[in-house]
Amino acid sequence: MNYWLMKTEPDTFSIDDLKNAPLKTSSWEGVRNYQARNFMRDQMKKGDLVLFYHSSCKDVGVAGIAEVVKESHPDLSALDTKSPYYDPKATIAEPRWYMIAVKWKQSFKQVVSLHAIKENPKLKEMLITKKGNRLSITPVLKNDFLEIQKMSTN
DNA sequence: GCCAACGTTGGC
DNA sequence: GCCAACGTTGGC
């Protein structure tokens, strides 16, 4: 089993939106970056756990935990001309973009802030703490995942 | 296949 | 809203 961090802007899709979704489940549409796509297409498996990260907002940090419940399938929003995620180069035969689906597991009482993560020497290696890291999906070490979970209960 | 120009991300 | 850092595009 693997661990991941997935970024989302809560104004667009927050952990509450996931919690309130049917079956508390949603596909992760709209990723238009090859590296992040490849993680979803090739590596993210059912049962993997996800740190649900809120970016570009007042309370930046990890807001909760989700679980991968459906593996790679085509992101058809790329075919929808009305979608903000429309990509003219995607076709049915060659969908180009893929996504996974996640299910809500837990909302932290308090967001584990990016600031707190940066302050924690145990989490020095986390990619989210590195300057200029814009990748919206990143692998996370098990120990780092557990440490964040621990911080959420303090 | 290089690389300048451009658009986007995301913390602050 | 600013702007550094980054990924992508497209002319050559």
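The sequence lines fix the lettering, A, B, ..., with proteins before strands; numbering per chain opens at 1.
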Q) According to the salt bridge (charged side-chain N to carboxylate O under 4.0 Å, His left out) rule, which pairs have a member within residues 26-39 of chain A, sequence neighbours left out? A) A/Arg32-A/Asp75

Q. What pairs meet the salt bridge (charged side-chain N to carboxylate O under 4.0 Å, His left out) rule with one or both residues in residues 86-96 of chain A, with sequence neighbours excluded?
A. A/Asp87-A/Arg96

Could you tabulate the donor-acceptor pairs under 3.5 Å formed by side-chain atoms of residues 135-142 of chain A, not counting sequence neighbours?
none

Q) Residues in side-chain hydrogen bond (donor to acceptor under 3.5 Å, both in side chains) with A/Asp59, at least two apart? A) none

Q. Among all residues two or more places apart in sequence or in another chain, which pass the side-chain hydrogen bond (donor to acceptor under 3.5 Å, both in side chains) test with A/Tyr86?
A. none

**Q.** Partner set under salt bridge (charged side-chain N to carboxylate O under 4.0 Å, His left out) for A/Lys105, not counting sequence neighbours
**A.** A/Glu67

Q) Can you name the side chain to side chain contact (heavy atoms under 4.5 Å, CB included) partners of A/Asp80, sequence neighbours left out? A) A/Lys82, A/Ser83

Q.
To the nearest 10°, give me the bend of the helix from B/dG1-C/dC12 to B/dC12-C/dG1, comparing the axes of its five terminal pairs at either end.
A. 10°

(Q) If you take any heavy atom closer than 4.0 Å to DNA chain C, which residues from residues 26-43 of chain A end up in contact? (A) A/Asn33, A/Tyr34

Under 3.5 Å, side-chain donor or acceptor atoms of residues 116-128 of chain A against the rest of the protein: list the pairs with distances, not counting sequence neighbours.
from: A/Asn120; atom 1: OD1; to: A/Lys122; atom 2: N; distance (Å): 2.9
from: A/Asn120; atom 1: ND2; to: A/Glu147; atom 2: OE2; distance (Å): 2.9

Q) Apart from A/Leu76 itself, what residues make up its hydrophobic cluster when side-chain heavy atoms of I, L, V, M, F, W and Y under 4.5 Å apart count as a link, directly or indirectly? A) A/Leu79, A/Ile92

**Q.** Audit row: A/Phe52, A/Phe13, side-chain contact (heavy atoms from CB on, under 4.5 Å) steps and yes/no
**A.** CA-CA 11 Å; A/Phe52 195 106; A/Phe13 190 76; 4.1 Å; yes

Return the polar atom pairs (N/O with N/O) between nucleotides 3-12 of chain B and the protein under 3.5 Å, or none.
from: B/dT8; atom 1: O2; to: A/Arg134; atom 2: NH1; distance (Å): 2.7
from: B/dG10; atom 1: OP1; to: A/Lys7; atom 2: NZ; distance (Å): 2.8
from: B/dG10; atom 1: OP1; to: A/Arg134; atom 2: O; distance (Å): 2.8
from: B/dG11; atom 1: OP1; to: A/Tyr53; atom 2: OH; distance (Å): 2.7
from: B/dG11; atom 1: OP2; to: A/Ser56; atom 2: N; distance (Å): 3.1
from: B/dC12; atom 1: OP1; to: A/Lys118; atom 2: NZ; distance (Å): 3.2

